[in-house]
Amino acid sequence: MSSLRDFSKKKKPEDYYVNLIQELERINGRLHAFNEISHDVDRGFPISVKDNICVDGMEATASSRMLKGYKPPFDATVVQKLKDAGFSVLGKTNMDEFGFGSFGINCISPARNPFDEERVAGGSSSGAAVAASIMKYHLAIAESTGGSISAPACFCGVVGFTPTYGVISRYGLIDYANSLDKIGFIARSSEDISDVFKLSVGKDGFDSTCADFKPLKKEKDRLVIINQLYERLDKGIKASFDRSVRRLSAKGFKIGYEDVNEIGYAVPAYYIVSMAEASTNLAKYTGFKYGEQLTDFSMDYNSFFSASRNVFGEEAKRKIVLGSFIRSASVRSMYYEKALKVRRLIINRLKEILDGSFIISPSMPVLAPKIEEARAFTPVQNYSMDVLTIPPNLCGFPSISLPSDYVGGLPTGMQIIGDHMEDLSILSFGKEWEKDFIYRFKYNIGEI
Ligand code: GLN
């Protein structure tokens, strides 16, 4: 199912645009997928860009009141590459503020799940997944730090691909945590993503952490399930995952189970590293040039900046407070340095497994919760929902979330993790999987 090729084979592909923008605006009033819809689109294959990635002349707010009014005068490298290849930017998609969240609710108007509007779309790339879910021809540029591509793709029944760290330039990305952030894609098929991925990779003089993509090609017919993660699954998710595993073993894959005792430390290590990095990244926002600016200059320095930085949402404030604490000299070795050691141990152990296998799990340990339920989660409950998506993200491994099943009308997803530079192999796995998967579109306003 390649909508890219299908689109280019149309006699008049531009006809897809007749009424598209009006339809999108109508639907967006209910689903809040886009922060901004472009009215000046040339008519190539339609893509959207997560609101923390810069597009020349379009507001880039990262769904934060702090960046309201910021219009970058340049394109992020990935946007530039895709524009050069003839893609057209339809708009900027909604997200958790600065990427902080797993459900898309840490923003002004949460995106809604097309399968059930009372439920979350997943986060932080909430709008990207909704856009890919409701549009017949679409590819969303998204970003993941700890699972922000897999989580919403899983909840919205689409494919979410997170590449190896560093193979797609981060130039033009509003950083969350620089050692973890990766730009990736959400679409309806692995084939579309594979085509676009190949156009997006490559060294970039503007991002010193970006390396050449050197594909690793190994034949693998073994899939590993990590015991300690399998035990953490909800009953319904476990049954649905078991069905997928049976399908894979019928296709000839060997299924193995392995203990990874260190895996329980992945979530705490991730949150320590990501909060430390986030707190330094947030330090530059003063509310002086962009955002909801204060006009009362009679306040003293501290009061002025406390007031102007008060526009950050609750999770951003939590990251500033905890991240600054974690980095402070007196506790640095207790938390931050220890987390880096744990990260290394987990990388080493998972690399041993990935040498001869892919690792599989569901993408999320639960079905998409109702927005009200998600709002009631404590921070620790929230963070623990990332238990399956954090391991590949912490280690910089490529991963893909594939639509796998439906439970009670809601989509579930399966996550495949490959070794560094095995991006194309997991995308090929996705292509094979999708041949047998029946896409059941369930959005009641209709597909556009
Ligand atoms: N939920 C995770 C966090 O808040 C991951 C979000 C992301 O990948 N940007 O850090």
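Remember, predicted model here, so these are calculated numbers, not experimental data. Nothing fancy with the numbering, it's 1 onward along the sequence. Whatever order the structure lists ligands and atoms in, that order sets their numbers, starting from 1.
For ligand 1 and Gly146, the ligand atoms under 4.0 Å from any heavy atom of the residue are 5 (C), 7 (C), 8 (O). For ligand 1 and Ser124, the ligand atoms under 4.0 Å from any heavy atom of the residue are 9 (N). Within ligand 1, the atoms closer than 4.0 Å to a non-hydrogen atom of Ser144 are 8 (O), numbered from 1 in the order shown.
Considering only non-hydrogen protein atoms, atom 10 (O) of ligand 1 sits nearest to Tyr176 OH, 2.4 Å. Among protein heavy atoms, atom 4 (O) of ligand 1 sits closest to Gly101 N, 3.0 Å.
Residues Glu258 and Arg349 are paired through a salt bridge, judged by an N-O separation under 4.0 Å between the basic side chain and the carboxylate.
Of all the listed residues (Pro152, Gly99, Ser102, Ser148), Ser148 holds the heavy atom that lies closest to atom 7 (C) of ligand 1.
Looking only at atom types and distance, the side chain of Ser125 has a donor-acceptor partner in the side chain of Lys50 under 3.5 Å away. No side-chain donor-acceptor contact under 3.5 Å links Ser102 and Asn382. The closest side-chain donor-acceptor pair between Thr412 and Arg243, if any, does not fall under 3.5 angstrom.
In terms of polar-atom proximity, Tyr271 is counted as a contact of ligand 1, with an N or O under 3.5 Å from an N or O of the ligand. Backbone and side-chain nitrogen or oxygen atoms of Phe100 are examined, and none is located within less than 3.5 angstrom of a nitrogen or oxygen of ligand 1.
With a 6.0 Å cutoff to the six-membered ring centre and a 45° limit on the axis angle, Lys238 counts as a cation-pi contact of Tyr230.
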Ser63 and Asn94: CA distance, side-chain angles, deciding distance, side-chain hydrogen bond (donor to acceptor under 3.5 Å, both in side chains) verdict: CA-CA 6 Å; Ser63 286; Asn94 199 357; 3.1 Å; yes
Ser126 and Val120: CA distance, side-chain angles, deciding distance, side chain to side chain contact (heavy atoms under 4.5 Å, CB included) verdict: CA-CA 8 Å; Ser126 48; Val120 304; over 6 Å; no
Audit row: Val224, Tyr257, side chain to side chain contact (heavy atoms under 4.5 Å, CB included) steps and yes/no: CA-CA 5 Å; Val224 163; Tyr257 290 82; over 6 Å; no
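Counting heavy atoms closer than 4.0 Å to ligand 1, residue Asp386 contributes side-chain atoms (C-beta onward) but none from N, CA, C or O. Within the 4.0 Å heavy-atom criterion, the part of Tyr270 lying near ligand 1 is the side chain and not the backbone.
Note on ligand 1: Ser274 sits outside its first shell, no heavy atom being nearer than 4.0 Å.
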